[in-house]
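Note: hydrogens, waters and symmetry copies are ignored here, and every other heavy atom, side chains too, is used. These numbers come from a predicted model, not from an experiment.
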Amino acid sequence: MGGPGCGKGTQCENMAAKYGFCHVGLGELLREEANQATVRGQQIRDIMLKGLLVPTGVILDMVSDNMLSRPESKGFLIDGFPRELNQAKEFERIVGRSPNIVIVFDCSTETMIHRVLLRGQKGHREDDAEDVVRQRLETHYTLCEPILAFYQQKNLLRNILAEDAAENIFAKCCSVIDSLQ
């Protein structure tokens, strides 16, 4: 978990490669769906361009479909999820258990905005414009506190300071994963 630009996608890709996990990037799934010439795709695109959240039912369907399509995976890293408390609770109800761990990437707002704007220049993502990023951050901060409290009560949270270079953050991620095994 973490705000846009905190590095969760990059670190999940690295951890998936090292540990053989399946990386489910919610943002990527949403962007793929938003690019489809369907009613649902257009609805998701409109919501994302406003920096708002896609409804929980749609999110849960997309995440569970993606996971069910990969039964051979050793495990899953779901980045950018949950985005609201109801998603966390519903996911646990559907899956039948809590996640093994929830890594939270702590990063300053300034760092996240800077990273997202750089990413937007390279990748030409419509949702990486500064006004949309600021709205996404506001939405993230408003909704993440109850989720963090929910997982803290279950002793699942592991915070990682994500201001450092990517390889240093990855080393911290590996320490967290290795401590579970």
Side-chain angles (χ1 to χ4, degrees), residues 1-45 47-48 52-105 119 123 125 127 136 140 143-144 146-160 162 166-167 169-181:
M1 290 182 60
C6 71
K8 60 190 174 293
T10 299
Q11 297 307 327
C12 281
E13 287 174 12
N14 293 339
M15 288 184 284
K18 178 173 179 166
Y19 295 100
F21 298 140
C22 176
H23 173 211
V24 180
L26 181 57
E28 186 178 319
L29 289 176
L30 288 169
R31 280 186 293 281
E32 286 173 9
E33 187 70 27
N35 287 328
Q36 300 299 314
T38 62
V39 171
R40 182 165 107 168
Q42 184 61 48
Q43 289 170 335
I44 290 172
R45 184 174 184 274
I47 291 167
M48 288 174 65
L52 303 175
L53 292 181
V54 174
T56 294
V58 174
I59 297 293
L60 289 169
D61 286 347
M62 293 174 72
V63 170
S64 59
D65 288 351
N66 191 278
M67 291 174 71
L68 289 170
S69 71
R70 302 170 183 191
E72 75 290 345
S73 182
K74 289 181 178 180
F76 294 90
L77 294 164
I78 307 173
D79 97 58
F81 178 85
R83 292 186 177 176
E84 57 185 351
L85 184 56
N86 187 44
Q87 287 178 357
K89 290 179 177 179
E90 276 299 296
F91 181 76
E92 286 188 12
R93 186 186 65 75
I94 291 167
V95 173
R97 66 180 193 82
S98 298
N100 294 349
I101 193 166
V102 177
I103 298 175
V104 180
F105 293 97
R119 179 177 72 194
R125 282 176 35 182
D127 61 326
R136 287 167 58 201
H140 168 74
L143 296 174
C144 79
I147 301 166
L148 296 176
F150 177 71
Y151 287 130
Q152 184 64 46
Q153 288 175 340
K154 295 175 178 247
N155 198 30
L156 296 175
L157 287 186
R158 303 296 181 274
N159 291 65
I160 292 180
E167 59 273 8
I169 298 168
F170 182 57
K172 295 175 191 176
C173 293
C174 292
S175 293
V176 168
I177 298 295
D178 292 343
S179 72
L180 295 175
Q181 299 177 355

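Here the options are Asp79, Val54, Ile59, the test is side chain to side chain contact (heavy atoms under 4.5 Å, CB included), and the partner is Leu26; only Ile59 passes.
Between Leu156 and Ile101 the shortest side-chain heavy-atom distance does not fall below 4.5 Å. Taking the side chain as every heavy atom from C-beta outward, Ile47 and Pro55 approach each other to under 4.5 Å. Put simply, the side chain of Ile147 does not reach to within 4.5 Å of the side chain of Phe81, judged on heavy atoms. Between Met1 and Ile103, every side-chain heavy-atom pair lies at or beyond the 4.5 Å cut-off.
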* **Criterion side-chain contact (heavy atoms from CB on, under 4.5 Å) on Val104 and Arg158, from CA distance to verdict** => CA-CA 6 Å; Val104 180; Arg158 303 296 181 274; over 6 Å; no
Could you please spell out the steps behind the side-chain contact (heavy atoms from CB on, under 4.5 Å) verdict for Asn159 and Leu157?
CA-CA 6 Å; Asn159 291 65; Leu157 287 186; 4.3 Å; yes
Start with the C-alpha distance between Val63 and Met67, add both sets of side-chain angles, then the distance that settles side-chain contact (heavy atoms from CB on, under 4.5 Å), and finish with yes or no.
CA-CA 6 Å; Val63 170; Met67 291 174 71; 3.9 Å; yes
Yes or no on side-chain contact (heavy atoms from CB on, under 4.5 Å) for Gln11 and Phe105, after CA distance, side-chain angles and deciding distance? CA-CA 10 Å; Gln11 297 307 327; Phe105 293 97; 3.7 Å; yes
Using distance only, find each side-chain donor-acceptor pair of residues 70-78 under 3.5 Å and give its atom names and separation, not counting sequence neighbours.
unit_1 : atom_1 : unit_2 : atom_2 : d
Ser73  : OG     : Cys22  : N      : 3.2
Ser73  : OG     : Gly75  : N      : 3.2
Ser73  : OG     : Gly75  : O      : 2.5

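Atom CZ in Arg31 sits 13.0 Å away from atom CZ in Arg45 (nearest 0.5 Å). To the nearest 0.5 angstrom, Glu28 atom CD is 10.0 Å from Met62 atom CE. Leu180 contributes atom CG, which lies 6.5 Å from atom CG of Asn100 (distance to the nearest 0.5 angstrom). Here SG of Cys174 is found 12.0 Å from CD1 of Ile169. Values are rounded to the nearest 0.5 Å. Once rounded to the nearest 0.5 Å, the distance linking CG of Asn14 with SG of Cys173 reads 8.0 Å. Separating the SG atom in Cys6 from the CD1 atom in Ile160 is a distance of 10.0 Å, to the nearest 0.5 Å.
Annotation: Lys154, atom NZ; neighbour count of heavy atoms from other residues, nucleotides and ligands within 6.0 Å is above 12.
Using a cut-off of 4.0 Å between Lys/Arg side-chain N and Asp/Glu carboxylate O, Glu90 and Arg93 are scored as salt-bridged. By the 4.0 Å N-to-carboxylate-O rule, Glu13 lies too far from Lys8 to be salt-bridged with it. A salt bridge links Arg40 with Glu33: at least one charged nitrogen is closer than 4.0 Å to a carboxylate oxygen.
For the residue pair Glu92 and Pro99, the shortest heavy atom distance occurs at OE2-CD, 3.5 Å. Minimum interatomic distance between His140 and Gly3 (heavy atoms only, all atoms of both residues): NE2-N, 3.3 Å. In this structure, Phe21 and Met15 approach most closely via the heavy-atom pair CD1-O, 4.3 Å. Considering all non-hydrogen atoms of both residues, Gly27 and Arg83 come closest at N-NH2, 3.9 Å. Nearest approach of Ala34 to Met48, heavy atoms of both residues: CB-SD, 4.3 Å.
Among residues two or more places apart in sequence or in another chain, the ring pair (Phe, Tyr, Trp, His ring centres under 6.0 Å) test is passed with Tyr151 by none.
Between the side chains of Thr56 and Glu84, a donor-acceptor pair is found at a separation under 3.5 Å.
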